[in-house]
There are 2 protein chains.
Amino acid sequence: MKAMYFDTLNELDTEVKILAAAKTVFIRKGLDGATMQEIADEAHISRTSLHYYFRNKDKLFEIIFSESLNKLTPKFNMIIDMPVPLFKKIEFFVENYLNILIENPSLPSLIVHELSRNPQSIVDILKTKGIKLDKLMIQIEIEKMQGALSDFSITQFITNIISLCVFPFLVKPLLDDFLFDNDSGQFDRFLEQRKKIISDMIIASIKK
Amino acid sequence: MKAMYFDTLNELDTEVKILAAAKTVFIRKGLDGATMQEIADEAHISRTSLHYYFRNKDKLFEIIFSESLNKLTPKFNMIIDMPVPLFKKIEFFVENYLNILIENPSLPSLIVHELSRNPQSIVDILKTKGIKLDKLMIQIEIEKMQGALSDFSITQFITNIISLCVFPFLVKPLLDDFLFDNDSGQFDRFLEQRKKIISDMIIASIKK
DNA sequence: TATATTTTTGACAACTTTGTCAAACACATT
DNA sequence: AATGTGTTTGACAAAGTTGTCAAAAATATA
């Protein structure tokens, strides 16, 4: 059994401390750029201790990555499952998706980076999480037949909505510098504005 | 002076061969993941030769990266400088930008990856290339006053157009698997369709 | 206090990667 | 053929990274 510590406010559980440190470093350097030493330093423990908790770098990365994805997919499915018309669902989705991303702003970079390093691993992980795209497609087909929607391409539609939500997080440093004069508050306000802008654009693009 | 070779069709100039190989490897593995050995293998030369042509890995990367960006910025400025109304300019931009990306489909991944590894380097490089965003903003202000445009946010507008063009390239493996049934031709057709879809969406979002 | 269990660490060996050197090689000119 | 220039290579040393081990330290239990 684990030894019991009298945790002070700074002395978090070591595993948690490691996971936080590793996430920071992996986002900063990518899987290849990060070293176990740097992660250990970031967590203020010895590298040997790090190995004691997580056998090796790949394992550690996989855990962090999978854990991060778990924040996304359940919410996706929850929204898809809601019994509301598509337009309403779009508003919900954009609002919620952006909120998740605001809380995990470096998640997109992590995913995109790993995607170019090892596409199949991401595809596999996502498949086990099982996003119910089919269900969404069926709803769209039904509403199309009912006459509220134009005959748009579902593929383009999905790509559009994700693009508009995610992309700003991928290029935040560029936006900060070229559009926001390096004023950190501006990005947040920009995202708040963006919720309505994205919904409006998407809905306009599929309305009959 | 360089020795003259009787180039056969396969025997390209070594420097060119190296740059192509390095680009391939850097895109596959990122700067950190790539090794000089792997690049040398990809170019079918010895690692020592590789060092002879390009002193070290960082230098090599910088050259490739800068060269890649050079494909983008001149065209951006050319389009900004065209004496046509904004709507027309948008169509031109989307068409041209997507064409450049189609020819350099892994450029976005390279940029985004480097952006999270070392944001300032990208910002600096882009600043030396000098994209004339100001000029575009002025045109928009003028057309707004003339009454053809709604009072939209220029920042959101720029983000939208870039997001919609670039994002699909960043997640191509996901699209291929989840939307295109791993049929490689579908992505290309998808992008052709997309040219008009993006223009239409953007224009609709700023029209009065 | 004595004992058992968990956690942490320093030291080590194996391996990879990098960058340099001097020597070998290929080709062109004389 | 001899010389010179540019190119390629094998061998090397230096540095960094990884993962393991046995021993020490910290903590819990008897």
Side-chain angles (χ1 to χ4, degrees), chain A residues 1-65 113-114 117-118 121, chain B residues 1-65 113-114 117-118 121:
Chain A
M1 188 200 169
K2 269 193 180 177
M4 293 290 285
Y5 284 86
F6 292 92
D7 289 350
T8 68
L9 281 175
N10 321 358
E11 222 176 37
L12 297 170
D13 188 45
T14 310
E15 272 191 30
V16 177
K17 235 168 51 181
I18 291 177
L19 288 174
K23 196 173 179 184
T24 304
V25 175
F26 279 138
I27 283 160
R28 193 162 58 214
K29 299 287 190 71
L31 171 55
D32 295 308
T35 69
M36 293 297 263
Q37 186 63 65
E38 189 177 357
I39 293 170
D41 290 346
E42 181 85 22
H44 299 287
I45 58 167
S46 72
R47 189 174 59 81
T48 323
S49 252
L50 181 52
H51 278 286
Y52 171 76
Y53 282 95
F54 301 91
R55 185 153 298 282
N56 58 42
K57 195 164 77 159
D58 286 331
K59 276 267 188 307
L60 183 53
F61 184 79
E62 204 183 301
I63 289 167
I64 286 173
F65 195 82
H113 181 232
E114 184 61 11
R117 215 187 58 92
N118 187 358
S121 79
Chain B
M1 190 202 169
K2 271 192 180 176
M4 294 291 286
Y5 285 85
F6 292 92
D7 291 347
T8 67
L9 279 176
N10 321 356
E11 221 176 37
L12 298 169
D13 187 45
T14 310
E15 273 193 30
V16 176
K17 235 169 50 181
I18 290 177
L19 288 174
K23 195 172 179 183
T24 304
V25 176
F26 280 137
I27 282 159
R28 193 161 59 213
K29 298 288 189 67
L31 171 54
D32 296 307
T35 69
M36 293 296 265
Q37 185 64 63
E38 189 176 355
I39 293 170
D41 290 346
E42 181 84 23
H44 299 288
I45 57 167
S46 72
R47 191 175 57 81
T48 323
S49 251
L50 182 51
H51 278 285
Y52 171 77
Y53 282 94
F54 301 91
R55 186 153 297 283
N56 59 41
K57 196 163 77 158
D58 286 331
K59 275 268 188 305
L60 183 52
F61 184 79
E62 204 183 300
I63 290 166
I64 285 173
F65 196 82
H113 181 233
E114 184 61 10
R117 215 186 58 91
N118 187 358
S121 79

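Here is the naming used below: chain letters follow the sequence lines, and residue numbers restart at 1 for every chain. Heavy-atom basis, side chains included; hydrogens, waters and symmetry copies ignored.
Per the geometry, CG belonging to A:Leu50 stands 16 Å off C1' belonging to C:dG10, to the nearest Å. Spacing between atom CZ of B:Phe54 and atom P of D:dT7 amounts to 12 Å, rounded to whole angstrom units. When rounded to the nearest whole Å, the span between CZ of B:Arg55 and P of C:dT17 equals 22 Å. Rounded to whole Å, atom P of C:dT9 lies 10 Å from atom OH of A:Tyr53. Atom pair A:Asp32:CG and D:dT18:P shows a separation of 10 Å (rounding to whole Å applied). In this structure, B:Ile39 atom CD1 and C:dG19 atom P are separated by 11 Å, rounded to whole Å. Protein atom CG of A:Asp13 is 15 Å distant from nucleotide atom P of C:dT6, rounded to whole Å. Straight-line distance from the NE2 atom of A:His51 to the C1' atom of D:dT17: 9 Å, rounded to whole Å.
Taking the side chain of B:Tyr52 as heavy atoms from C-beta on, and the options D:dC21, C:dT8, D:dT8, the nearest nucleotide is D:dT8. Listed nucleotides D:dT9, D:dT20, D:dT18 differ in distance to A:Met36; the shortest reach to its side chain belongs to D:dT18. Distances from the side chain of A:Thr48 to the nucleotides C:dT8, C:dA11, D:dT8 place C:dA11 closest. Proximity note for A:Thr35 (side chain, C-beta onward) versus C:dT9, D:dG6, D:dT17: the nearest is D:dT17.
For B:Thr14, a side-chain nitrogen or oxygen approaches OP1 or OP2 of D:dT8 to under 4.0 Å. Close to D:dT7, at under 4.0 Å from its OP1 or OP2, lies no side-chain N or O of B:Ser49. Residue A:Lys57 has a polar side-chain atom (N or O) positioned under 4.0 Å from OP1 or OP2 of D:dT18.
The two residues B:Ile45 and B:Ser49 make their nearest non-hydrogen contact at CD1-CB, 4.0 Å. What you find for B:Ile18 and B:Leu60 is that their closest heavy atoms are CG2-CD1, 4.4 Å. Contact between B:His113 and B:Leu31 at its shortest, heavy atoms only, is CE1-N, 3.9 Å. Scanning both residues, B:Phe54 and B:Met36, for their nearest heavy atoms gives O-CE, 4.3 Å. The shortest heavy-atom contact between B:Ala34 and B:Lys57 is O-NZ, 2.7 Å.
Summary of the strand contacts: A:Gln37 and B:Arg47 both lie near DNA chain D, and taking for each the nucleotide with the nearest heavy atom, the more 5' one is attributed to B:Arg47.
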